[in-house]
Each structure stands twice: as C-alpha cells, then as structure tokens.
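Report on the structure given below.
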There are 2 protein chains.
Amino acid sequence: MNTKLPPRTVERLSKYRRLLDKYKDLEEAHIYSHKLAALLNLTPEQVRRDLMLIGLTGNHRKGYNIKALIGQIGTTIDRQEGHRVALVGIGNLGKAVLGFIRKANTKMDIVAAFDIDRNKVNTQVAGVACYDIGAAAQIISREQIRIAILTVPPEAAVNTATLLLESGIRGILNFTSVHLDVPPGIYLKDYDIITSLEEIGFFIMD
Amino acid sequence: MNTKLPPRTVERLSKYRRLLDKYKDLEEAHIYSHKLAALLNLTPEQVRRDLMLIGLTGNHRKGYNIKALIGQIGTTIDRQEGHRVALVGIGNLGKAVLGFIRKANTKMDIVAAFDIDRNKVNTQVAGVACYDIGAAAQIISREQIRIAILTVPPEAAVNTATLLLESGIRGILNFTSVHLDVPPGIYLKDYDIITSLEEIGFFIMD
DNA sequence: AATTTATTGTTAATTTTTTCACATTAGTGA
DNA sequence: TCACTAATGTGAAAAAATTAACAATAAATT
C-alpha cells in the first residue's frame with residue numbers, strides 16, 4: 001500500500017476497477033490497455049503507467065488479466081477491513097449517495113446516517129440506521145467511523161464539520177459548496193456541481 | 001473570452017466567484033490574494049496567476065477589488081446570454097441538483113427537466129417544467145438547450161446520452177458512473193462519488 | 001523453428017501546472 | 001517628501017502529469 005501514488009492515479013485505479021467489475025464474469029479474461037483506455041477516455045500509455053505503478057504486469061499478447069487487475073487495485077487502494085463511513089444530512093443528495101454506494105460493490109460501508117429531522121431520526125433509511133446529529137460524537141467514536149460524507153444545507157456546513165472533526169473523522173467528502181477549514185492530516189475533498197457546470201459552459205464551443 | 005485558459009484555472013475562477021459572491025455586499029471592498037488563497041486551500045501565487053490570466057489587476061496595497069473580480073470572472077467564463085441547461089432524470093440526485101442551482105446565482109439556467117415517470121411528466125419540479133424523455137429532441141431543439149445534466153439510472157445512461165447528443169446537446173455532466181462515448185467537440189465531464197470516496201480512503205492516514 | 005504481429009514496459013521528451021523569487025509599486029507615516 | 005511596508009505581477013525554475021517512442025516479448029502463423 002504505497003502512499004506515494006499520485007492522486008490522479010488513485011482516481012483512475014478506482015475507475016478501472018469499477019468498470020471492470022461489470023466485465024469480470026463475462027466476456028474475456030483479459031483486456032488490453034487500449035481497450036481500457038477507450039472505455040474511459042484515456043490514453044493507453046496512461047493506463048499502462050498506472051498499472052505499472054501498482055506493480056501489475058500484463059501479458060504481452062493478451063493484455064491484462066481482469067481478475068488480477070481488480071485484485072491488485074484492491075490490495076493497493078483498499079484497506080483490508082474496509083472503511084466505515086457516515087452520511088451526514090439525509091436530504092435528496094444524501095439519499096442519492098446511499099443509492100450509489102449500495103449498488104457499487106465497494107469497501108466503503110455507510111454504517112450510520114445523521115440528520116436533525118425528527119421524522120428521520122431513529123429510523124432506517126435504505127438499510128442504514130439514522131441518528132440525531134447530536135449523537136454524532138458518540139456514534140462516530142463507538143462505530144470507529146473515519147470518513148464522513150457531508151450533504152447538509154450550506155448554513156449547517158461549518159458547524160457540522162467542526163463537530164465531525166472533533167468526533168474523530170479523518171476524511172470528509174464535502175458537497176456543501178461551503179469552504180471548510182481543516183487541520184493538517186485531515187483529507188478534505190470538495191465537490192461542487194456549479195463549478196463543474198460552469199467549466200462545461202466555458203469549454204463547449206458554440 | 002480566451003479559450004486558452006487551463007481547465008484548472010477555469011474551475012478555480014468559478015470557485016473564487018462563488019465564494020466572493022457571499023462577500024460582495026458585506027465587509028471589505030477588496031481582498032488579498034493570500035486571504036482568498038487561505039479561504040480555498042490554495043497558494044497566493046496560484047490565485048494571482050489565475051487572476052493575471054484573465055487580465056485582472058489588483059492594487060498593490062489593498063489587493064483585488066471584489067466587485068471587479070466578480071465582474072471580470074463573469075466576462076471571462078460566462079456566456080453573456082447564459083446557458084440553457086436540461087436536467088435529465090428527476091430522482092433524488094436530480095432534485096438535489098435543482099436545489100443547488102436554484103440557490104447559486106449562476107448563469108446556468110435549468111429550463112427543462114426530463115423523466116419517464118408519469119407522475120412527474122407534465123408537472124413542475126422546483127419551478128422547472130418536466131417533460132417525458134420522449135419529447136427531449138423536440139424540447140431541446142425548441143429551447144436551444146446545449147448542456148445536459150445526466151442523473152438517470154445507470155441502465156438508461158447510454159441510450160439517453162445518445163438521444164441527447166442527437167438532439168443537439170454539446171456538453172454533458174454525467175453522474176451515472178457509466179462510460180459515455182462522445183464524439184469530438186462534445187464536452188463530457190464525469191463525476192463519480194465512489195471514486196471520490198475511495199480516493200479519500202486511500203489518502204487518510206490511520 | 002523461424003517469422004510476424006501486436007502488445008507490454010519503460011525511458012525520455014514534452015506539456016501542463018505549480019511554486020519560487022524578486023522587481024515593482026501603492027499607500028503609510030515619520 | 002522620503003523612506004518603509006506589504007502587497008502585486010511575472011519571468012524563471014521546479015514539479016507533476018501526460019505523451020511519445022521504442023526495445024522486449026508472448027503468442028500466432030508459416
């Protein structure tokens with residue numbers, strides 16, 4: 001588990017696996033770098049380099065063994081015991097995230113969800129126990145949760161994030177479009193829909 | 001409107017504006033590159049270079065004028081007439097996207113939504129007219145929509161995307177985690193929640 | 001068994017992006 | 001008015017990421 005992999009490579013490895021997961025029981029046992037590249041709008045060189053970086057070696061004639069590839073990506077980017085994740089904010093976006101993860105066959109397990117809505121607290125949402133945000137510190141600690149997905153309304157973002165960090169969260173996927181100030185050692189990843197859209201707007205030619 | 005801006009710069013410009021939009025009527029009239037950098041986890045040099053690239057010039061003593069900054073980013077990355085956008089797939093994620101855009105004060109206007117659910121078709125969802133996906137070609141052409149946000153279930157992704165492209169869509173923001181094959185000239189941007197999570201999982205230290 | 005072919009593995013070159021370093025400069029205050 | 005301070009603006013250097021190029025090679029073919 002080499003922490004020196006470039007972030008872009010880690011992202012692509014995750015994508016290779018997710019794509020090939022669909023292929024693994026069907027079709028061919030092997031795949032060429034150029035095929036994989038075409039399926040993900042990358043170059044074959046990039047694919048080969050990524051696989052080289054995780055010490056995976058292909059067959060000069062048949063390409064890469066799909067199961068070996070999935071396995072090697074797993075031993076590289078997964079933690080053996082998986083990751084225990086909290087979903088914080090069970091609105092439309094939160095529910096959508098639950099749906100994605102449930103289908104995805106990943107080592108990321110959502111083991112608790114938090115909200116302030118009394119109608120949601122103490123129920124199950126898509127099979128996940130939902131707690132009041134006030135219980136977050138206790139549950140996160142008890143359940144040893146290290147990653148949080150933040151899908152609360154923007155006005156709640158900063159306070160909620162502070163609470164999460166105090167509770168032992170080490171990584172946050174922040175969908176709130178609010179800037180979060182996190183101390184060193186915490187891995188924060190922001191995603192902002194508007195930014196993505198505006199980028200598309202700029203680059204489409206008219 | 002210089003099409004030669006690096007994609008990263010365009011992303012950051014969008015973020016500067018979104019952040020400063022909140023500041024523009026309050027507080028100071030100016031902001032320093034180091035302040036802006038701190039607010040977005042960037043370096044001051046990066047901020048200054050980005051602003052330099054769009055021809056914006058600051059005051060050596062006061063920093064950058066916030067309104068001028070917002071204005072200049074707008075003339076650089078916005079199309080004057082705005083962008084007409086379709087939301088395709090009105091599930092949880094689709095509704096969440098609607099919410100974000102409604103709040104965001106952006107030039108991206110969602111002017112139509114599509115679904116196959118009879119309960120949604122011919123209603124308004126968050127103020128947006130909802131049509132049957134079968135009417136997409138007609139509506140997209142009539143409304144001159146150029147950008148689509150794809151939030152349909154994965155099994156519908158490829159066919160829906162094909163339909164969109166045939167209808168004149170030039171840019172797609174794809175949330176389906178399904179690979180889309182698009183011809184040159186079409187700007188495709190993928191976002192995959194699982195990939196983001198797995199990246200966090202890899203980089204948090206334990 | 002030798003030849004051909006198409007692919008991998010990897011070094012080198014290139015391009016892109018970020019950071020450094022510092023001259024320039026607008027305002028401050030002695 | 002004249003230094004002083006704390007910014008900006010930007011060329012140059014460095015780092016990161018991608019792409020090109022091609023030797024090595026595994027299988028298929030003759």
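Both backbone and side-chain heavy atoms feed into the values below; hydrogens, waters and symmetry mates do not. Chain identifiers are assigned alphabetically (A, B, ...) following the order of the sequence lines, protein sequences preceding nucleic acid strands; residue numbering begins at 1 within each chain.
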Fill in: Annotated protein contacts, base or backbone, on nucleotides 15-25 of chain C with a non-hydrogen cut-off under 4.0 Å, one of B, S, - each
--SBBBB--BB
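Dashed line: the shortest gap from a side-chain N or O of A/N59 to OP1 or OP2 of D/dA27 is under 4.0 Å. Remark: B/Y64 is in phosphate contact with D/dG9, judged by side-chain N or O atoms under 4.0 Å from OP1 or OP2. When the side-chain nitrogen and oxygen atoms of B/T57 are compared with OP1 and OP2 of D/dT8, none of them lie within a distance under 4.0 Å.
Legend: salt bridge (charged side-chain N to carboxylate O under 4.0 Å, His left out) pairs involving residues 97-112 of chain B, not counting sequence neighbours: none detected.
A distance of 12.5 Å separates CG of B/L164 from CD1 of B/I147, quoted to the nearest 0.5 Å.
A straight line from CG of B/L51 to C1' of D/dG9 spans 11 Å, rounded to a whole angstrom. Atom-to-atom, CD of A/Q72 to C1' of C/dT8 comes out at 16 Å; the value is rounded to the nearest Å. We find that CZ of A/R61 is positioned 10 Å from P of C/dT5, with the value rounded to whole Å. Taking atom CG of B/L53 as the reference point, atom P of D/dT10 lies 10 Å away to the nearest angstrom. A straight line from NE2 of B/H30 to P of D/dT8 spans 11 Å, rounded to a whole angstrom. For the pair A/K35 NZ and C/dA6 P, the interatomic distance rounds to 17 Å; values are reported in whole Å. The nearest whole Å value for the distance from the CG atom in A/N65 to the P atom in C/dT7 is 17 Å. Across the protein-nucleic acid pair, A/L36 atom CG and C/dG9 atom P stand 13 Å apart, rounded to whole Å.
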Item to complete: Starting from the C-alpha separation in whole Å, work towards a yes-or-no answer on salt bridge (Lys or Arg N to Asp or Glu O under 4.0 Å) for A/D192 and B/R18.
Response: CA-CA 10 Å; A/D192 185 334; B/R18 262 153 80 47; 2.9 Å; yes
Item to complete: Report the C-alpha distance between B/V97 and B/L87 in whole Å, list the side-chain angles of each, state the deciding distance to 0.1 Å, and finish with yes or no for side-chain contact (heavy atoms from CB on, under 4.5 Å).
Response: CA-CA 8 Å; B/V97 170; B/L87 177 73; 4.2 Å; yes
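Classification of A/R17 and A/D78 as a salt-bridged pair holds, one side-chain N sitting under 4.0 Å from a carboxylate O.
Using a 30° and 60° split on the angle between ring planes, B/Y191 and B/F175 fall in the perpendicular class, above 60°.
Of the residues near DNA chain D, B/I31 and A/K62, the one whose nearest nucleotide (by heavy atom distance) lies more toward the 5' end is B/I31.
With sequence neighbours excluded, the residues satisfying side chain to side chain donor-acceptor pair (under 3.5 Å) with A/S33 are A/R48.
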